Amino acid sequence: MFSRGLFVTVEGGEGVGKSTNIDCLVNYLVDNDIEPVVTREPGGTVLGEDIRDVLLRVDGSGMQPMTELLLVFAARAQHIHEVIIPALDEGRWVVCDRFTDATYAYQSGGAGVAVETVSRLEELVQGSLRPDFTLLLDAPVVVGMARARGRGDLDRIERQESAFFDRVRDSYLQQAEQNSARYRVIDASVELAVVQQQVKAVGAELLHLWSDRMNRRG
Ligand code: T5A
């Protein structure tokens, strides 16, 4: 367990600032001599990025929630095998923009797939792999969607109705409450400089966690 690297995921609704704050976190880590593998879901591999295109393109295909769920896990299976496990096995940190908590939030919370169905696929595809630490960037849906719209055209998932994103947010907050040891929640609706101060504090906490692990390894 302790020879393994650290698996950090960053979650949140649409446009809350995951990409922006992952950059901030990664810069902080690099300044402190940690060079993480930075990746994302859906995606992170050639095949996974192709699946991402299928998932997000606006083509009126009427994709079913179960189809979406299986595509997300297909991309994840490849990502785990090609990128995440090899990096963790080398003792490296992995910082991943979304992981399976997003599936619970979007496919289950948002689209209504049973939680048990997601959890069966999670066992099947991931075995015992779970994030060590998850940062949830939380903001009201109107705030995130305004930022997402400000950035350009909305993709297929971003075009869901706002009640869908309310359910996504509720699911994330519930997951954070149920897994409070692993989660840190940051209010991402405030000024970016204030958010980033807290992101750096999370970075410092991660470095402590890592150094404790290293010390226990001896
Ligand atoms: N999905 C994913 C599933 O349905 N199931 C799954 O299992 C998985 C893994 C793509 C989609 O896939 C779905 C969920 C998604 O719909 P994505 O690309 O990670 O996933 O999702 P997005 O939320 O669309 O990611 P974005 O890159 O679009 O948004 P970010 O990264 O949250 O936001 P960011 O950093 O690009 O910021 C958006 C804008 O806001 C500004 C930024 O400068 C930028 O312009 N901003 C702020 N402005 C003011 N104040 C702040 N505090 C700000 N923070 C950022």
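The shown structure was predicted, so the numbers you read here are calculated from the model rather than taken from an experiment. Counting starts at 1 for both ligands and their atoms, in listed order.
- For atom 13 (C) of ligand 1, the closest non-hydrogen atom of the protein is I157 CD1, 3.7 Å.
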side-chain contact (heavy atoms from CB on, under 4.5 Å) between C96 and H79: does it pass, once the steps are laid out? CA-CA 11 Å; C96 190; H79 192 209; 3.8 Å; yes
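- Residues L6 and F133 form no side-chain contact, since every pair of their non-hydrogen atoms from C-beta on lies 4.5 Å or further apart.
- Within 6.0 Å of atom CD in E177, 12 or fewer heavy atoms from other residues, nucleotides or ligands are found, so the atom counts as exposed in its surroundings.
- If you check the side chains of Y106 and R98, you find a donor sitting under 3.5 Å from an acceptor.
- Counting the atoms of ligand 1 from 1 in the order shown, those under 4.0 Å from a heavy atom of E41 are 9 (C).
- If you check which protein heavy atom lies closest to atom 7 (O) of ligand 1, you get T103 OG1, 2.6 Å.
- Distances from atom 28 (O) of ligand 1 to the heavy atoms of E158, E191, Q196, R151 show the closest one on R151.
- Annotation: R98 places an N or O atom under 3.5 Å from an N or O atom of ligand 1; distance criterion only.
- A heavy-atom separation below 4.0 Å is found between G15 and ligand 1.
- V46 belongs to no hydrophobic cluster, as no Ile, Leu, Val, Met, Phe, Trp or Tyr side chain comes under 4.5 Å of its own.
- Considering only non-hydrogen atoms, atom 12 (O) of ligand 1 lies nearest to P42 out of G43, G12, P42.
- Atom 18 (O) of ligand 1 has its closest protein heavy atom at R52 NH2, 2.6 Å.
- Legend: residues meeting side chain to side chain contact (heavy atoms under 4.5 Å, CB included) with E82, ordered by chain and number and at least two apart, are T45, Q78.
- With values rounded to the nearest 0.5 angstrom, Y183 atom OH is found 10.0 Å from L135 atom CG.
- Which parts of ligand 1 touch D97 is read off a 4.0 Å heavy-atom cut-off, strictly below it: atoms 19 (O).
- Atom 5 (N) of ligand 1 has Q107 OE1, 2.8 Å as its closest protein atom, hydrogens excluded (heavy atom only).
- With rounding to the nearest 0.5 angstrom, the CG atom of N21 is 6.0 Å from the CG atom of L192.
- Side-chain contact check for R40 and S19: no donor-acceptor pair (N or O, by modelled atom type) lies under 3.5 Å.
- If you number the atoms of ligand 1 from 1 as listed, the ones under 4.0 Å from a heavy atom of V72 come out as 5 (N), 6 (C), 7 (O).
- The nearest protein atom to atom 27 (O) of ligand 1, hydrogens excluded, is given as S19 OG, 3.2 Å; this is a heavy-atom distance.
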Give the C-alpha distance, both sets of side-chain angles, the deciding distance and a yes or no for side-chain contact (heavy atoms from CB on, under 4.5 Å) between L25 and K200. CA-CA 6 Å; L25 177 64; K200 286 178 197 162; over 6 Å; no
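- Any N or O atom pair closer than 3.5 Å counts here, and K18 shares at least one such pair with ligand 1.
- Neither the backbone nor the side chain of E68 has a heavy atom within less than 4.0 Å of ligand 1.
- Proximity of I22 to ligand 1 is not established, as no heavy-atom distance is less than 4.0 Å.
- Compare V190, T20, T100 by their heavy atoms: the one nearest to atom 42 (C) of ligand 1 is in T20.
- W210 and V10 fall within the same hydrophobic cluster, defined by Ile, Leu, Val, Met, Phe, Trp and Tyr side-chain heavy atoms under 4.5 Å apart, directly or through other members.
- Inclusion of G17 in the set of residues having an N or O under 3.5 Å from an N or O of ligand 1 is warranted.
- Looking at E11, Q175, E122 one by one, the single match for side-chain hydrogen bond (donor to acceptor under 3.5 Å, both in side chains) with Y104 turns out to be E122.
- Within the structure, ligand 1 has G13 among the residues with a heavy atom less than 4.0 angstrom away.
- Summary of contacts: the protein heavy atom closest to atom 16 (O) of ligand 1 is E14 OE2, 2.6 Å.
- Within the structure, the closest approach of A188 to ligand 1 falls below 4.0 Å when heavy atoms are considered.
- Checked against a 3.5 angstrom limit, the closest N/O atoms of Y106 and ligand 1 fall outside it.
- A 4.5 Å side-chain heavy-atom check between L136 and R184 finds every atom pair outside the cut-off.
- Ligand 1 has a nitrogen or oxygen under 3.5 angstrom from a nitrogen or oxygen of R76.
- The CG atom of D170 sits 13.5 Å away from atom CZ of F165, with the distance rounded to the nearest 0.5 Å.
- For atom 11 (C) of ligand 1, the closest heavy atom belonging to the protein is L56 CD2, 3.8 Å.
- Looking at atom 39 (C) of ligand 1, its nearest protein heavy atom turns out to be R147 CB, 3.9 Å.
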